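Structure, as structure tokens:
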Amino acid sequence: MCIRDRSDWAEQRGRDLRTVDRWMASSELPDTADIAALGLALGDLDIRDHAIDRINSGDFEGNRTDLWIWLARHLEEELVAPAATVAGFAAYRFGNGVLALEALELALRARPNYRLAQMLMAALQAGIPPGTLAGIGSGKASEALDG
């Protein structure tokens, strides 16, 4: 990878992180162009985990479950799994197990082997309390599920 490619990658990563932060802080829902940008950004596991970390902060009304559900409903199938997984996580952490189940089922229909969706579905089905998942997205996922 040349230096220019790294610079472009870092700039894109910064834009993607800011996009997540902007939409988490907004009370609006994204339009078509922003849906595409956010959906593509969530394909990067670090960006997806950043969104989960922001949800874990508890700083956002309803964990912005509305945003993530809106996003998952409007993306093409190949982009649905990350967004639906984040939606499921947001709903789960907010205490809405039914909505979490629906979102995680959507993620797994789109990508049956999407690991985080599988883990969250197993946690939901096992009745693990939502607060136990607070470490997911911060690099402490194994601690959250083990302890």
Side-chain angles (χ1 to χ4, degrees), residues 8-147:
D8 292 345
W9 177 82
E11 288 174 18
Q12 183 60 50
R13 165 110 355 146
R15 281 192 297 273
D16 291 344
L17 291 170
R18 286 187 300 276
T19 296
V20 168
D21 289 343
R22 178 171 53 95
W23 285 109
M24 286 293 294
S26 175
S27 62
E28 303 295 319
L29 294 172
D31 62 14
T32 305
D34 290 319
I35 287 170
L38 194 50
L40 286 169
L42 290 176
D44 180 323
L45 297 181
D46 290 334
I47 303 301
R48 181 206 65 195
D49 289 350
H50 176 73
I52 287 171
D53 191 46
R54 300 294 284 147
I55 291 164
N56 268 326
S57 74
D59 293 340
F60 305 97
E61 172 119 13
N63 293 337
R64 280 311 316 263
T65 304
D66 62 327
L67 168 65
W68 305 114
I69 292 293
W70 176 261
L71 187 66
R73 289 183 62 212
H74 289 88
L75 286 170
E76 297 291 326
E77 186 172 351
E78 63 271 7
L79 298 175
V80 165
T85 300
V86 172
F89 180 78
Y92 193 178
R93 286 287 284 141
F94 192 61
N96 189 336
V98 173
L99 186 56
L101 179 66
E102 290 289 325
L104 294 170
E105 285 177 345
L106 176 62
L108 292 170
R109 275 194 306 274
R111 283 185 40 199
N113 295 321
Y114 197 71
R115 186 79 176 124
L116 183 56
Q118 291 174 331
M119 291 171 50
L120 291 171
M121 181 66 86
L124 182 64
Q125 291 173 335
I128 293 175
T132 305
L133 304 177
I136 291 179
S138 64
K140 301 176 189 166
S142 62
E143 290 175 26
L145 293 174
D146 292 338

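Only heavy atoms go into these numbers, but all of them, side chains included; no hydrogens, no water, no symmetry mates. Keep in mind that this is a model prediction, so the values were computed, not measured.
Sorted by first and then second residue, the salt bridge (Lys or Arg N to Asp or Glu O under 4.0 Å) pairs involving residues 102-120 (not counting sequence neighbours) form an empty list. Applying the salt bridge (Lys or Arg N to Asp or Glu O under 4.0 Å) rule to pairs touching residues 17-33 yields Asp21-Arg54, Arg22-Asp34, sequence neighbours excluded. Pairs of residues two or more places apart, or lying in two chains, that qualify as side chain to side chain donor-acceptor pair (under 3.5 Å) and include a residue from residues 68-96 are Asn56-Arg93.
Nearest heavy atom pair, residue Ala87 against residue Thr65, reads O-CG2, 4.3 Å. The shortest non-hydrogen separation linking Ala103 to Ile69 is CB-CD1, 4.2 Å. Heavy-atom minimum distance, Ala81 versus Ala107: O-CB, 3.6 Å. In terms of heavy-atom proximity, Gly39 sits nearest to Leu71 at N-CD1, 4.1 Å. Of all heavy-atom pairs between Ala100 and Gly88, the closest is CB-O, 3.4 Å. Residues Gly97 and Leu124 come closest through the heavy atom pair O-CD2, 3.9 Å.
A distance of 10.5 Å separates CG in Leu120 from CD in Gln118, rounded to the nearest 0.5 Å. Rounding to the nearest 0.5 Å places CG of Leu104 at 9.5 Å from CG of Leu99. Between the OG atom of Ser26 and the CZ atom of Phe60 there is a distance of 11.0 Å, given to the nearest 0.5 Å. Atom CG in Asp53 sits 11.5 Å away from atom CG in Asp46 (nearest 0.5 Å). Distance check, rounded to the nearest 0.5 Å: CD of Gln12 to CG of Leu17 gives 10.0 Å.
Using a 4.5 Å heavy-atom threshold, the side chains of Leu75 and Leu42 count as separate.
With a 6.0 Å radius and a threshold of 12 heavy atoms from other residues, nucleotides or ligands, Tyr114 has its OH atom above the threshold.
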* Audit row: Asp16, Asp44, side chain to side chain contact (heavy atoms under 4.5 Å, CB included) steps and yes/no -> CA-CA 9 Å; Asp16 291 344; Asp44 180 323; 5.5 Å; no
